[in-house]
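The block underneath contains the structure these notes are about, expressed in structure tokens.
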Amino acid sequence: MDWFDVKEAARGPEARSASRAPSPPEARSPEAPRLEPGPLESNAEALVAGLNEAQRAAVLHGDGPLLIVAGPGSGKTRVVTSRIAHLVLERGVTPHEILALTFTNKAAREMRERVERALGSTVGLWIGTFHGIAARILRREIEALGGYTRDFTILDTADRNALLKQLIKDLEYDPKRFRPQVVGGWISERKNRAARGEEGVRVVHSELGGLEEDVFQRVEALYAQRLPALNAVDFDDLLLLVLRLFDEHPGLRDSYARRFRHVLVDEYQDTNRVQYRIVRHLASWHGNLSVCGDPDQSIYGWRGADIRNILDFEQDYPSAAVVRLEQNYRSTQYILDAANAVIRNNTARKHKELFTEPGNVGEKLIRIECSDENDEARAIVRQIREFVAGGARYAHCAVLYRANFMQRALESALRLDAVPYQVVAGLEFYQRREIKDLVAYLRLAVNPADDVAFVRAVNTPARGVGDTTLARLVAAATAAGVPLTRAIEDDAVLAEVRGRARSGLFAFRTLLARLADARELDAAVALDVVLQEIDQTRWYAEMDDGEGVQDRIANVDELRAYAEEYDDRQRSTPGEATGLRGFLQDIALVADADGGEESGDQVRLMTLHAAKGLEFPFVALAGVEEELLPHGRALAEAPDQSTVVEEERRLFYVGLTRAGARLVLTHANYRGFFGGGRPASPSRYLEEIPPELCAGGGVEFGKSRAVAFEVEDEEAALGAFEHTGSKLAIGDLVEHGHFGRGRILQLVGSGVNARASVDFVGAGTKQLLLQYAKLVRLGR
DNA sequence: GTTGATAATCTTTTT
DNA sequence: GATTATCAAC
């Protein structure tokens, strides 16, 4: 079977899609839709060239359990795609008998696109994220569990935290002390542990020293009781309820296990115990379970991912075929050497050594030391320009960072230099206020029990319903045991309210009644109803934060466009008309609305976590510093340091291996936050990269300024001592008679030449001769 | 009682 | 910097 030209695989997507493949053998199943094969995007034969005949057959179209352990850049997603195509075209498997599970929507989309290119269609195939597929299953079956209807709301993390905060207050605890986020994380972990059969295990959160466990448990109990009352599920429940469904209803379980003759799981190293058990159920009939993953890229331990799932696969499925794909088709040897050198320091792993084509040596890594985050951003922009000047496009470049707050400095430097960029899954679209407001109305239309949405919508735009009125409503609703939407239908309840609040509630009640008719409408039409019913002028006016409301209006338009697109997709997909409720459940699970769409020639900005599975010829890794990578908070919370140090190392490894040709690593000596900041030092992981792999054998400096960039210049610090009476260090907070307060970025020279560069609040960065500038040290 | 302005607070990663 | 708590003014 060689439908594909080996050499094409190496040439890039444009070249590949230009070719046409000869016809494959006729599909055997009578149910199989007639599929016109398109060119597979990449040559699966080439990717599995190192395998023997039996392994190759197992990977491409074999039955039974299969484990593919594949390093970064091995083309494993392409192999999985090829497998789907081979199953359909060669084994006569009908598309609707295949279930492919991924972790991110982006991965699912990519897989769908690739399969579409290979088969000409994805009709009938179930390709989606674990959570998306779980929502789909629950939409059909949740009523079997009792207490829920298919109109259930999916609470995202922000909603969950809002609810938890309310519950914490109801129990008369201080939400500042028991932060909803922390409590939520604790509950999440408990749920996950319960699925591992570890109910009795105490989860101790280091932030509180485990002293208030009973408080956590009380909130947890109340929360567990509230969710079904709201007809709502959180992200954990989505999976847990599917598991419960399969556990408690074997007949139903079997119907799914028989329906899917082949189950494929990508990024298996990131599965948690609940997902593990769901997959086991699904594979219980045919045992045709193919998983692929890379233990070295397991970066979701903090969210319950259990690396044992992949490490123990062969014990769980003793007849499993195991295939390793170690050749890397992405990166040059220097990059791979660096990645290998870093990951080698992890103990909890299976040995794996990446290799590339002989002769693909490439160029050395570029390591840049910068003074602060702005200097770092400028250095990265310079590197990008240089790379692009060499003939590459902006879209070939990515800037990766550990935490979202680092995005800002990078963005402003890119903007200043007019470099086009796109933030991938930054501030989530559906988290924006105007979107959440509109979605709250839609949620109420579908699920009147959704009190979280009610609270959000009732006074947006302002209807004169404040905290007191709301508290009264909640009390009445709780007493009657009904949702808030029912409580305001009761005239006796409204009789207690006077004035503006009263008329506001009446107006809201009428609005809800009209909205109730929208629940069976298409998403876009329902959205129009909401937009008609609310006082848009007022609503926009309230959100006007000086910048104008153009962005917000644009976002609303975008939501509407997305709703329309969803409706279109529904119409063209026979079988499951899900309408508005499907739309709402869908968007709760999608973080990046406009995301993914390769929108032109732009540099991509994203977190390291978001970068997994992607590749770019040019990658800049910002903030390779202690406290950031490994992250200080992760270390602080860890019951076991080495677990975190290793997981963060894997994160670094993921970052390194995204790069194809040029890899830039930067770190700053001072990292500013809002208002504050702190001195920073290079990451311990940076020292694990042999210096000879870096250009110039080591460090390059961020600024082209003539000033030397000694770190913590001892002499200069002494010089400063002479002039200020106290020893200064980089990062110190100082006061200047003229410029006010600032922070020391650099100390250079000694004696009368001792100079400091100080970043003043308001006045910017100044170079000062210490002899004259009478700096007063205020502290760090 | 509600609203709008000012002050405090917190910045890990995500389905 | 943006969200959220607090408080004076309607």
Side-chain angles (χ1 to χ4, degrees), chain A residues 101-108 128-135 154-158 160-162 165 174-176 179-181 184-185 188 233-239 267 270-272 274-275 299-305 400-409 411-412 425-428 430-433 459 461-472 497-502 504 541-542 544-545 547 586 588-592 606-612 623 627-638 644 647-648 650-651 654-655 671-678:
Chain A
L101 295 163
T102 65
F103 272 81
T104 62
N105 291 293
K106 204 188 298 163
T129 61
F130 267 97
H131 287 80
I133 297 288
I154 298 173
L155 292 183
D156 62 23
T157 309
R160 184 192 66 173
N161 289 344
K165 189 170 177 184
D174 179 7
K176 272 190 203 154
R179 283 169 32 223
Q181 261 169 287
S188 227
V233 305
D234 63 18
F235 284 141
D236 302 312
D237 290 344
L238 226 35
L239 300 173
E267 308 285 15
D270 287 332
T271 49
N272 65 24
V274 181
Q275 289 160 329
I299 54 174
Y300 284 103
W302 51 271
R303 171 176 105 172
L400 312 182
Y401 37 85
R402 175 65 225 267
N404 278 315
F405 78 86
M406 300 165 69
Q407 177 192 320
R408 198 162 298 132
E411 259 189 284
S412 60
L427 236 188
E428 295 163 17
Y430 294 106
Q431 299 290 72
R432 293 180 200 169
R433 205 186 338 157
N459 207 31
R463 292 189 180 87
V465 182
D467 292 344
T468 318
T469 308
L470 193 57
R472 209 173 272 174
V497 182
R498 324 233 136 262
R500 274 182 302 177
R502 186 182 165 85
E542 276 172 24
D544 195 343
D545 47 7
E547 291 273 313
D586 218 53
L589 300 171
V590 180
D592 50 339
M606 69 191 95
T607 64
L608 283 165
H609 284 86
K612 191 159 73 153
E627 296 295 306
L628 221 43
L629 197 73
H631 200 282
R633 232 183 157 88
L635 283 175
E637 281 180 10
V644 172
E647 176 153 314
E648 298 276 311
R650 289 194 289 266
L651 193 53
V654 165
R671 184 147 305 268
F673 294 57
F674 317 94
R678 62 174 172 230

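Per chain, numbering begins at 1; letters A, B, ... match sequence-line order. Keep in mind it's a predicted model, so treat the numbers as computed, not measured.
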- [ ] Specify the residue among T104(A) and A403(A) whose closest nucleotide of DNA chain B lies further upstream toward the 5′ end.
- [x]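 Per heavy-atom nearest nucleotide, the more 5' residue is A403(A).
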
Open item on the list: On DNA chain B, compare the nucleotides closest to T469(A) and H631(A); which residue's is nearer the 5' end?
Closed with: T469(A)

When all nucleic acid strands are considered with a 4.0 Å heavy-atom cut-off, which category describes [X]: base, sugar-phosphate, or nothing?
| X | answer |
| --- | --- |
| D156(A) | nothing |
| F130(A) | nothing |
| T157(A) | base |
| R502(A) | nothing |

Identify all pairs in which a protein N or O lies below 3.5 Å from an N or O of nucleotides 5-8 of chain C, and state each distance.
unit_1 : atom_1 : unit_2  : atom_2 : d
dA5(C) : OP1    : K165(A) : NZ     : 2.5

Open item on the list: Set out, in order, the CA-CA distance, both residues' side-chain angles and the distance that settles side chain to side chain contact (heavy atoms under 4.5 Å, CB included) for R303(A) and N272(A), then state yes or no.
Closed with: CA-CA 8 Å; R303(A) 171 176 105 172; N272(A) 65 24; over 6 Å; no

Got a second to check how far [X]'s [atom1] is from [Y]'s [atom2], nearest 0.5 Å?
| X | Y | atom1 | atom2 | result |
| --- | --- | --- | --- | --- |
| Y300(A) | K612(A) | OH | NZ | 6.0 Å |
| R498(A) | T469(A) | CZ | OG1 | 11.5 Å |
| E647(A) | H631(A) | CD | NE2 | 13.5 Å |
| L608(A) | Y401(A) | CG | OH | 9.5 Å |

Task: Pairing of R408(A) and E411(A) as salt bridge, 4.0 angstrom limit - done: no

Open item on the list: Between N161(A) (side chain only) and G184(A) (backbone N and O only), is there a donor and an acceptor less than 3.5 Å apart?
Closed with: no

Task: 5′-ward residue of the pair R500(A)/R408(A) relative to DNA chain C - done: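 Result: R408(A).
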
Provide, to the nearest angstrom, the distance between the [atom1] atom belonging to [X] and the [atom2] atom belonging to [N].
| X | N | atom1 | atom2 | value |
| --- | --- | --- | --- | --- |
| R303(A) | dT14(B) | CZ | P | 9 Å |
| Q181(A) | dT3(C) | CD | C1' | 12 Å |
| N161(A) | dT3(C) | CG | C1' | 14 Å |
| Q407(A) | dT11(B) | CD | P | 18 Å |
| R498(A) | dT2(B) | CZ | C1' | 17 Å |
| N459(A) | dG4(B) | CG | C1' | 13 Å |
| L651(A) | dT12(B) | CG | C1' | 10 Å |
| F405(A) | dC10(B) | CZ | P | 16 Å |

From the options [options], select the nucleotide whose nearest atom is closest to the side chain of [X].
| X | options | answer |
| --- | --- | --- |
| R402(A) | dT12(B), dT3(B), dT2(B) | dT12(B) |
| H609(A) | dT14(B), dG1(B), dT12(B) | dT14(B) |
| N404(A) | dT15(B), dT2(B), dT13(B) | dT13(B) |

Task: Under-4.0 Å side-chain N/O to phosphate OP1/OP2 contact, R433(A) with dT4(C) - done: no

Task: Phosphate OP1/OP2 of dG1(B): any R472(A) side-chain N/O under 4.0 Å - done: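 Yes.
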
Open item on the list: Over 60° means perpendicular and under 30° means parallel, so tell me whether F673(A) and F405(A) are parallel, tilted or perpendicular.
Closed with: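 Rings of F673(A) and F405(A): parallel, under 30°.
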
Open item on the list: When you compare the ring of F103(A) with the six-membered ring of dT15(B)'s base, are the centres less than 5.5 Å apart and the planes under 30° from each other?
Closed with: no

